[in-house]
Structures are given as C-alpha cells and as structure tokens.
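Here's the structure, in structure tokens; my notes come after.
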Amino acid sequence: MRTFNFITIFPDLINNFLKYGLVNRAIEKKIIEINTIYLRDFSDDSNLRIDDKSYGGGPGMVMRYKPVEDALKSITRKSYVIYLSPHGSKLDQHKISELTKVQNLTFLCGRYEGYDQRVVDDLVDEQISLGDYVISGGELPSLILLEGITRLLPNVANDLDSILNDSFTDNLLDYPHYTRPESINGHEVPDVLLSGNHNEIAKWRRKQSLGITWKNRPDLLKNVKLSIEDDKLLKEYINESKENENK
Ligand code: SAM
C-alpha cells in the first residue's frame with residue numbers, strides 16, 4: 001500500500017479532505033493510506049509552540065528545526081520528503097506522474113514564513129511549488145499533490161481512459177465535452193458528436209485538442225511531435241478559426 005505522510009499544524013484540514021472523491025475511494029480500497037502528523041505533538045515547548053522569531057529581526061515567525069526532525073523520525077519507513085514551497089520547481093503533470101513511482105511520500109506543510117532554512121537543507125529531498133504566487137500554508141498544495149498522484153494509481157479511477165485523455169497527457173489540452181440538452185440558447189452540440197461515427201468523432205476530438213492547445217497554450221505544442229494527420233488537422237483548425245474571425 002502506498003503511504004502519504006502529512007506534517008502539519010492543521011491536521012483537520014488534511015483529514016476532512018480525505019472524506020471525498022477519488023482519494024476517499026483509494027483509502028477505502030486500501031490502495032493508499034494517510035498518516036497525518038500533528039507537528040505540535042513534537043514541540044518541546046510547554047505552550048506547544050513550533051515557531052520562533054526570525055534571526056536578523058523583521059516580521060514573521062519561522063518554523064523550528066527540532067519538531068520537524070522529530071516528526072520525521074516518527075515515520076518508521078523510508079520516505080521521500082517534499083516541502084511545498086514557493087521556492088520549489090513548478091508542479092506539472094510530468095512531476096505528478098513521476099511521483100506515482102514513489103511508495104512512501106512525506107509532505108511538509110509550511111506556515112508563517114516557512115521552515116528554518118536548515119530543514120530545507122538537511123531534511124528535505126525536494127521542494128515543489130504550485131506556481132508563482134504565495135498562499136498561507138502548504139496544506140492545500142500538498143492535497144493537490146495527493147489527489148493528482150492518487151487518481152493516476154491503478155484501480156483507483158473507474159474509467160482510466162478518461163484520465164488518459166485528460167489535459168497535459170501528451171502535452172495537449174483536452175477536447176471540449178458536451179452533455180444534454182442538445183441545444184442551449186441557440187448553442188448546439190456539434191453534429192459530429194451526434195453522428196454515431198466513432199472514427200469521425202475521434203478525428204474531431206483530436207483536432208479540437210490540437211487546436212485548443214495551439215490557441216490557449218502554444219508553449220505546450222512545442223513539445224508535441226505532430227504526425228502528418230495531426231499537422232493536417234491543426235492546419236484545418238487554424239484556417240477555420242481565421243475564417244470565423246473574418247465573419
Ligand atoms: N516566506 C515565504 C516566501 O515568501 O517564499 C512564504 C511563506 S508562505 C506564507 C507559508 C507556507 O505556505 C510556505 O512555507 C509553503 O508551505 C506554503 N506555500 C505558499 N505558497 C506556496 C506555493 N506557491 N507553492 C507551494 N507552497 C506554498
């Protein structure tokens with residue numbers, strides 16, 4: 001079974017999330033187990049403090065080394081330690097796939113100004129950032145990683161095909177999806193999706209996927225090796241977009 005350890009001062013934030021969706025299903029099926037570690041249990045302070053003032057002065061408190069070191073020692077199996085931090089490399093689907101190979105992961109959730117730098121230097125294997133912005137804690141970023149990894153694990157999703165078609169698999173964005181009714185305020189479901197012709201539907205979806213990636217995320221397309229058919233579909237999409245713009 002795959003283990004995810006969370007080191008946090010807000011264990012309820014983590015534990016409440018575990019009641020829902022795919023992550024909950026994976027826990028029930030015993031595909032994953034979660035070990036939420038309350039950092040204050042490892043405080044050596046009578047008021048259970050785990051933070052202190054910053055050397056050099058200035059605003060903001062810093063999370064201390066010793067409680068984290070002791071919390072990590074409580075994990076008996078060998079674990080790969082990730083610190084969710086704006087200083088890390090930016091999370092993407094490739095990184096999430098890579099992490100599905102790791103059996104035991106520990107997420108360090110920061111608060112305040114984050115951890116003493118020596119935690120990062122001595123105790124952390126990798127820093128991962130959600131993106132170029134700052135939020136107040138590492139709990140949400142670590143839950144994003146948990147969900148991203150869990151949904152890729154064998155026997156978790158009911159429909160693995162739908163996951164394999166999701167955005168960023170093969171560096172493309174997903175094609176558009178429609179459901180009933182067929183018409184909403186004059187906006188119709190594309191005819192091809194009602195045709196029952198599976199080849200034509202697959203071709204249309206591929207073309208949309210290529211086209212939407214070209215339109216919204218051209219940076220991703222640079223990493224896609226287009227087949228001759230893909231190239232043709234993308235050119236068609238681009239020409240159709242230009243025609244629509246000129247209408
Ligand atoms: N002083 C830090 C800085 O400016 O880089 C920000 C600390 S932030 C207020 C507190 C915690 O939130 C961090 O230690 C980290 O765990 C988490 N956090 C904030 N932004 C994040 C991001 N973009 N990615 C991952 N974790 C983040």
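Only heavy atoms go into these numbers, but all of them, side chains included; no hydrogens, no water, no symmetry mates. When a ligand or atom number is given, it counts from 1 through the structure's own listing order.
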Can you find an N or O of [X] that's nearer than 3.5 Å to an N or O of ligand 1?
{"X": "Leu130", "answer": "yes"}
{"X": "Val134", "answer": "no"}
{"X": "His87", "answer": "yes"}

Could you find the nearest protein heavy atom to [atom] and give me its residue, atom name and distance?
{"atom": "atom 25 (C) of ligand 1", "result": "Ser85 N, 3.4 Å"}
{"atom": "atom 1 (N) of ligand 1", "result": "Glu113 OE1, 3.0 Å"}
{"atom": "atom 10 (C) of ligand 1", "result": "Tyr112 O, 3.3 Å"}
{"atom": "atom 23 (N) of ligand 1", "result": "Tyr133 O, 2.7 Å"}
{"atom": "atom 19 (C) of ligand 1", "result": "Ile135 O, 3.1 Å"}

Closest by any non-hydrogen atom to [atom]: pick that one out of [options].
{"atom": "atom 12 (O) of ligand 1", "options": "Gly131, Gly137, Cys109", "result": "Gly137"}
{"atom": "atom 27 (C) of ligand 1", "options": "Ser136, Gly60, Pro86, Ser54", "result": "Pro86"}
{"atom": "atom 16 (O) of ligand 1", "options": "Val120, Ile82, Leu84, Leu91", "result": "Leu84"}
{"atom": "atom 11 (C) of ligand 1", "options": "Gly110, Gly114, Gly88", "result": "Gly110"}

Would you say the side chain of Arg180 lies within less than 4.5 Å of the side chain of Val189, judging by non-hydrogen atoms? no
Flag side-chain contact, heavy atom, 4.5 Å: Leu91 against Ile96: yes
Heavy-atom distances under 4.0 Å are what count here, so tell me which part of Pro141 touches ligand 1: side chain, backbone, both or neither.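 It is the side chain that touches ligand 1; the backbone stays farther off.
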Just let me know how Tyr83 lines up against ligand 1, side chain, backbone, both or neither, with a heavy-atom cut-off below 4.0 Å. side chain
For Gly138, atoms of ligand 1 separated by under 4.0 Å from a heavy atom: 12 (O), 16 (O), 17 (C)
Would a 4.0 Å cut-off, counted as strictly less than, catch a protein heavy atom around atom 4 (O) of ligand 1?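 Neighbour list for atom 4 (O) of ligand 1 is empty of protein heavy atoms (cut-off 4.0 Å).
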Asp92 side chain to His94 main-chain N or O, any donor-acceptor pair under 3.5 Å? yes
Can you classify the ring geometry of Tyr237 versus Trp214 as parallel (below 30°), tilted (30 to 60°) or perpendicular (above 60°)?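 Rings of Tyr237 and Trp214: perpendicular, as their planes differ by over 60°.
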Option passing salt bridge (charged side-chain N to carboxylate O under 4.0 Å, His left out) with Asp230 (candidates Lys207, Arg206, Lys225): Arg206
Side chain to side chain donor-acceptor pair (under 3.5 Å) test vs Thr36 passes for just one of Asp12, Asn5, Asn15, namely Asn15
Under the criterion side chain to side chain contact (heavy atoms under 4.5 Å, CB included), which of Val124, Ile128, Thr106 is the partner of Tyr83? Val124
Assess whether atom NZ of Lys29 is packed by more than 12 heavy atoms of other residues, nucleotides or ligands within 6.0 Å.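 Correct, the count exceeds 12.
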Around Asn24, counting heavy atoms of other residues, nucleotides and ligands shown, do more than 12 lie under 6.0 Å from its CG? yes
Atom pair CD1/CZ of Ile50 and Arg64 - distance to nearest 0.5 Å: 8.5 Å
